[in-house]
Number of protein chains: 2
Amino acid sequence: MQLTLTGEYAIRAMIHLASLPEGTIVQISQISEQWEIPDNFLRKITAQLSKAGLIFSHRGNAGGIQLARPAETLTLLDVIEAVEGKIYLNKCLIGPQFCSRTSWCAVHIVWCEAQQALKEILTRRSLAELAASTISKFEQYQSLPHGSSPLNSPSQSIS
Amino acid sequence: MQLTLTGEYAIRAMIHLASLPEGTIVQISQISEQWEIPDNFLRKITAQLSKAGLIFSHRGNAGGIQLARPAETLTLLDVIEAVEGKIYLNKCLIGPQFCSRTSWCAVHIVWCEAQQALKEILTRRSLAELAASTISKFEQYQSLPHGSSPLNSPSQSIS
DNA sequence: ACGAATATGAGGAATGCACTCTTATTTGGC
DNA sequence: GCCAAATAAGAGTGCATTCCTCATATTCGT
């Protein structure tokens, strides 16, 4: 009943991309450094994000990854489901083949409600909002002059 | 991000107990039969429920288990946390030692909201309510005469 | 052709899940 | 006291998943 590190890393990477001007291409190694993600592992994760259509990847010289859609149209749920598969808080929510009691079990209804609530919250704010809010709060936290983006300058350690 | 079978089985067993008159003692093997739970595994789970103080267990001849508190005061969250530990939708919710970004990360706030909502839903209805509702729905489903409890009569297969 | 980047697939160690099995220990009835 | 019926406790097993690493392509700009 917990987000895996895979999902957490995917979110970090996507927030990073969402904090940049639309269309910016970033190298994976750059993201892995700034967000403390094992480089090779992040490559696996970005491959999944790419396969799911959330990012474009460009190989070769000056390659990297970029968002495939505007950050305003992306949500945490998109990212999580891209790398972890669809969310099912309980097996009984997958389908009747996993629980024969769904038609008369009151607990099943509770799980329906819980899952709906969870998904609603994970889609309530776009990655664009989250990235913007994160940056502004980080600047407040660090008492930095406004306008310098902490997520893009490698000199600033995020820890 | 899913309830384990351990949690699912624990809920079934507790719903079973909650459907009986207060203070009733049931054998573990009886529950395991009616709810399709491996007998030995259920014994492990009931041991956890007992250690958590949710049920009393009695050994020896005519032994069994019974609710330690009225079913009206028990919730799904109690049961789940008894066998799975406290719910943390993301590691960052456990404490700052798992994520140094909590003070300025907007995603962290979303997880807080999600977890709160989930817990609220899992405590909204008592096991007494859930058991009662399940039984009445089951009777409707089976078109049985009112008053016969499906969860107590071993002759009826629940499948 | 070269070098800088991602893609891909084969692992691999560690952990957790879903159990089983065995050996106590307790209790009530004879 | 003894036996049968029940839980207690702990070890152990098989499997899947998580969280990675590494080696080897493949792609593209110059």
Side-chain angles (χ1 to χ4, degrees), chain A residues 1-13 16-17 24-33 35-68 80 82-88 90-91 94 98, chain B residues 1-13 17 24-33 35-68 80 82-88 90-91 98:
Chain A
M1 192 85 86
Q2 191 170 84
L3 187 73
T4 64
L5 266 184
T6 303
E8 169 71 21
Y9 291 159
I11 290 172
R12 289 188 202 172
H16 182 110
L17 290 174
T24 309
I25 294 180
V26 196
Q27 284 167 230
I28 293 175
S29 56
Q30 200 180 334
I31 300 177
S32 79
E33 267 176 43
W35 292 88
E36 306 168 38
I37 307 172
D39 190 84
N40 282 314
F41 192 30
L42 183 55
R43 284 166 200 285
K44 274 221 123 124
I45 295 167
T46 53
Q48 288 182 269
L49 292 171
S50 171
K51 202 172 274 180
L54 298 189
I55 61 174
F56 294 135
S57 63
H58 310 272
R59 310 205 216 186
N61 198 354
I65 56 175
Q66 71 182 133
L67 288 186
I80 293 168
V83 296
E84 302 207 334
K86 276 191 171 296
I87 286 181
Y88 293 110
N90 193 345
K91 285 197 172 60
I94 300 176
F98 285 94
Chain B
M1 190 87 84
Q2 191 170 83
L3 187 73
T4 62
L5 265 186
T6 302
E8 168 72 20
Y9 291 159
I11 290 172
R12 289 189 203 172
L17 292 174
T24 309
I25 294 180
V26 197
Q27 284 167 229
I28 293 174
S29 58
Q30 200 180 332
I31 300 177
S32 80
E33 269 176 40
W35 292 89
E36 306 167 37
I37 307 173
D39 189 87
N40 283 316
F41 193 29
L42 182 54
R43 283 166 201 286
K44 270 218 125 127
I45 295 167
T46 53
Q48 290 182 266
L49 293 172
S50 171
K51 200 171 276 180
L54 299 188
I55 62 174
F56 293 137
S57 63
H58 309 272
R59 313 204 216 188
N61 199 354
I65 56 174
Q66 72 182 131
L67 288 186
I80 294 168
V83 297
E84 303 207 332
K86 276 193 169 295
I87 286 182
Y88 294 109
N90 194 345
K91 286 196 171 64
F98 285 96

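Each chain gets a letter, A, B and so on, in the order the sequences are listed, and its residues count up from 1.
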Quick one: side-chain hydrogen bond (donor to acceptor under 3.5 Å, both in side chains) partners of T4(A), sequence neighbours excluded?
E84(A)

Whole-Å distance between [N] [atom2] and [X] [atom1]?
X      : N       : atom1 : atom2 : value
H58(B) : dA4(D)  : NE2   : C1'   : 19 Å
I65(A) : dT27(D) : CD1   : C1'   : 17 Å
I28(A) : dT21(D) : CD1   : C1'   : 15 Å
L5(A)  : dC19(D) : CG    : P     : 4 Å
D39(B) : dA18(C) : CG    : P     : 17 Å
F41(A) : dT8(C)  : CZ    : C1'   : 16 Å
Q2(A)  : dG16(C) : CD    : P     : 11 Å
R43(A) : dA7(C)  : CZ    : P     : 9 Å

Assign Y9(B) to base, sugar-phosphate, or nothing according to its heavy-atom contacts below 4.0 angstrom with the strands shown.
sugar-phosphate

Look at the side-chain N and O atoms of S29(A) and state whether any lies under 4.0 Å from the OP1 or OP2 oxygen of dA5(C).
no

Measuring to OP1 and OP2 of dA18(C), would you say a side-chain N or O of T6(B) lies under 4.0 angstrom away?
yes

Could you go through nucleotides 22-25 of chain C and list every protein N or O atom that sits under 3.5 Å from one of its N or O atoms, giving the distance for each pair?
| unit_1 | atom_1 | unit_2 | atom_2 | d |
| --- | --- | --- | --- | --- |
| dT25(C) | O2 | R59(B) | NH1 | 3.1 |

What closest approach, in Å, do [X] and [Y] show between heavy atoms, and which atom pair accounts for it?
X      : Y      : result
A13(B) : L42(B) : CB-CD1, 4.2 Å
K91(A) : F98(A) : O-CB, 3.4 Å
H16(A) : W35(A) : ND1-NE1, 2.9 Å

Contacts of G64(B) and A62(A) projected onto DNA chain D by closest heavy atom; the upstream (5') one is G64(B)

Spacing of CD1 belonging to I55(B) relative to OG belonging to S50(B), to within rounding of 0.5 Å
5.5 Å

If you assign T4(B) and N61(B) each to the DNA chain C nucleotide with the nearest heavy atom, which residue ends up on the more 5' nucleotide?
T4(B)

All pairs passing salt bridge (charged side-chain N to carboxylate O under 4.0 Å, His left out) where residues 40-54 of chain A contributes a residue, at least two apart
D39(A)-R43(A)

Please list, for nucleotides 10-16 of chain D, all pairs of protein and nucleotide N/O atoms separated by less than 3.5 Å.
| unit_1 | atom_1 | unit_2 | atom_2 | d |
| --- | --- | --- | --- | --- |
| dA11(D) | N6 | K44(B) | NZ | 2.7 |

List in chain and number order the residues that pass side-chain contact (heavy atoms from CB on, under 4.5 Å) with F56(B), two or more places apart in sequence or in another chain; answer none if no residue qualifies.
H58(B), Q66(B), A68(B)

Sorted by chain and residue number, the side-chain contact (heavy atoms from CB on, under 4.5 Å) partners of A10(A) (sequence neighbours excluded) come out as I45(A), L49(A), V79(A), V83(A)

Taking the side chain as everything from C-beta on, heavy atoms only, tell me whether I65(B) gets closer than 4.5 Å to I31(B).
yes

